[in-house]
Amino acid sequence: YVAAMTLCDDSVSSQWRTMNFTTPCEAMTPEQMGTIAFSEDEGFTTGQGGEMPCWTVGSKSENASASYIPYIEATSSTMHNGKNYLKLYDNVTSSASYVGAYAIMPELNVDDITKYQVNFWGRSYNSYSYNNQVIVGIITDPTDLSTFVALDTLILSKTAWDPYSVGFENYMGDYMGDMGSHIMFLS
């Protein structure tokens, strides 16, 4: 955080004001990023609105409640391995109310993202068939969702955690031809 005050002249000043801010994260190599466990040691906190350092999360719907914004959840009874997992929550009852929760990973420092893939374990807890999917792709600018290029749509198991892998060899850039370096998950 930063604290600031205004000094109007030698005898008059304002109250001290504090402000929290973050600077953009540096791009990381896949080796630096390693396996993400969403742990406190990595700076993550659990629960809605918890800290997710260097990740961008949100919903394509401007009116989505906090429960539709991805967050880290901790419960040992519902995950594949470890203590925490990323929850992409879309508990809707019809495709008309789809809100499009998304999570964007930190920027990858790679010369050619098409030589890489993302591997993860996933499952669905939703009984509606259209909500069992996760779309995985690359985004050029995390502040501009129109730069997202979907590369695979995965249908998640409703009964067990399964391993998933999405390669980026067919990625050719966004609509402007720019090559992205952020992996995005969209539910």
Side-chain angles (χ1 to χ4, degrees), residues 20-60 68-76 78-90 100-124 133-157 160-174 176-187:
N20 293 326
F21 69 96
T22 58
T23 57
C25 295
E26 288 189 26
M28 294 182 264
T29 65
E31 295 77 19
Q32 289 170 316
M33 195 172 293
T35 299
I36 300 169
F38 301 111
S39 69
E40 287 183 15
D41 293 340
E42 297 169 316
F44 293 92
T45 56
T46 59
Q48 293 174 3
E51 290 293 320
M52 292 184 62
C54 301
W55 283 68
T56 302
V57 294
S59 171
K60 292 176 82 174
Y68 290 113
I69 307 300
Y71 59 92
I72 304 305
E73 185 155 285
T75 176
S76 61
T78 60
M79 68 191 84
H80 166 69
N81 193 2
K83 289 176 40 179
N84 299 342
Y85 65 94
L86 174 64
K87 185 170 188 173
L88 287 171
Y89 186 63
D90 249 358
Y102 62 85
I104 302 171
M105 291 179 64
E107 183 177 13
L108 287 170
N109 181 5
V110 295
D111 291 330
D112 183 0
I113 200 161
T114 66
K115 296 179 181 178
Y116 292 88
Q117 65 185 27
V118 63
N119 304 305
F120 62 96
W121 289 80
R123 75 166 289 175
S124 173
Q133 68 181 18
V134 171
I135 302 166
V136 181
I138 304 294
I139 190 165
T140 304
D141 179 357
T143 65
D144 181 359
L145 295 180
S146 72
T147 65
F148 175 65
V149 176
L151 296 172
D152 204 350
T153 299
L154 305 170
I155 306 302
L156 303 181
S157 167
W161 287 90
D162 287 328
Y164 296 91
S165 182
V166 176
F168 305 136
E169 63 275 359
N170 294 324
Y171 177 64
M172 296 172 38
D174 66 17
M176 297 290 291
D178 296 326
M179 296 299 282
S181 54
H182 296 268
I183 300 168
M184 180 171 155
F185 303 88
L186 175 65
S187 68

**Message:** Please determine whether side-chain contact (heavy atoms from CB on, under 4.5 Å) holds for the pair Val57 and Phe185, giving the CA-CA distance in whole Å, both sets of side-chain angles, and the decisive distance to 0.1 Å.
**Reply:** CA-CA 10 Å; Val57 294; Phe185 303 88; over 6 Å; no
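- Of the inter-residue distances, the one linking Gln117 atom CD with Tyr164 atom OH reads 15.5 Å to the nearest 0.5 angstrom.
- Atom SG of Cys54 and atom CE of Met28 lie 5.0 Å apart (nearest 0.5 Å).
- Between Trp121 and Tyr85, every side-chain heavy-atom pair lies at or beyond the 4.5 Å cut-off.
- Of the candidates Ile155, Leu156, Leu88, Ser124 forms a side-chain contact (heavy atoms from CB on, under 4.5 Å) with just one, namely Leu156.
- Surrounding CG of Asp111 are at most 12 heavy atoms belonging to other residues, nucleotides or ligands under 6.0 Å away.
- Of the inter-residue distances, the one linking Asp141 atom CG with Met176 atom CE reads 12.0 Å to the nearest 0.5 angstrom.
- Ile183 is listed as a side-chain neighbour of Phe168, based on a closest heavy-atom distance under 4.5 Å.
- In terms of heavy-atom proximity, Asn84 sits nearest to Ala74 at OD1-CB, 3.1 Å.
- Of all non-hydrogen atoms in Pro70 and Leu86, the two that sit nearest each other are CB-CD1, 4.1 Å.
- Shown are Ile138, Thr153, Asp152; of these, the side-chain contact (heavy atoms from CB on, under 4.5 Å) with Val166 is made only by Asp152.
- Side-chain contact annotation: Thr140 with Asp174, donor-acceptor N/O pair under 3.5 Å present.
- For the atom pair CZ (Phe148) and NE2 (His182), the distance works out to 13.0 Å, reported to the nearest 0.5 Å.
- Here NZ of Lys60 is found 5.5 Å from CG of Leu186. Values are rounded to the nearest 0.5 Å.
- Between Asp178 and Thr147, the closest side-chain pair of non-hydrogen atoms is not below 4.5 Å.
- Residue Glu40 places its CD atom among 12 or fewer non-hydrogen atoms of other residues, nucleotides or ligands, all under 6.0 Å distant.
- Applying the side-chain contact (heavy atoms from CB on, under 4.5 Å) test between Met184 and each of Val149, Ile135, Ile139 identifies Ile139 as the sole match.
- When the side-chain contact (heavy atoms from CB on, under 4.5 Å) test is applied to Phe44, the partners found at least two apart in sequence or on another chain are Ile36, Phe38, Glu42, Met52, Pro53, Trp55, Ile72.
- With rounding to the nearest 0.5 Å, the separation of CG in Asp162 from OG in Ser157 is 4.5 Å.
- Defined by atom type and a distance below 3.5 Å, a donor-acceptor pair is missing between the side-chain atoms of Ser39 and Asp41.
- Side-chain contact check for Tyr171 versus Ile113: some heavy-atom pair is nearer than 4.5 Å.
- Between the side chains of Asn109 and Thr29, no donor-acceptor pair is found at a separation under 3.5 Å.
- Using a 4.5 Å heavy-atom cutoff, the side chains of Val110 and Tyr116 are in contact.
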Name the atoms and distances for all side-chain donor-acceptor pairs under 3.5 Å in residues 100-107, with sequence neighbours left out.
unit_1	atom_1	unit_2	atom_2	d
Glu107	OE2	Ser181	OG	3.0

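- For the side-chain contact (heavy atoms from CB on, under 4.5 Å) test, residues two or more places apart in sequence or in another chain that qualify with Thr45 are Glu51.
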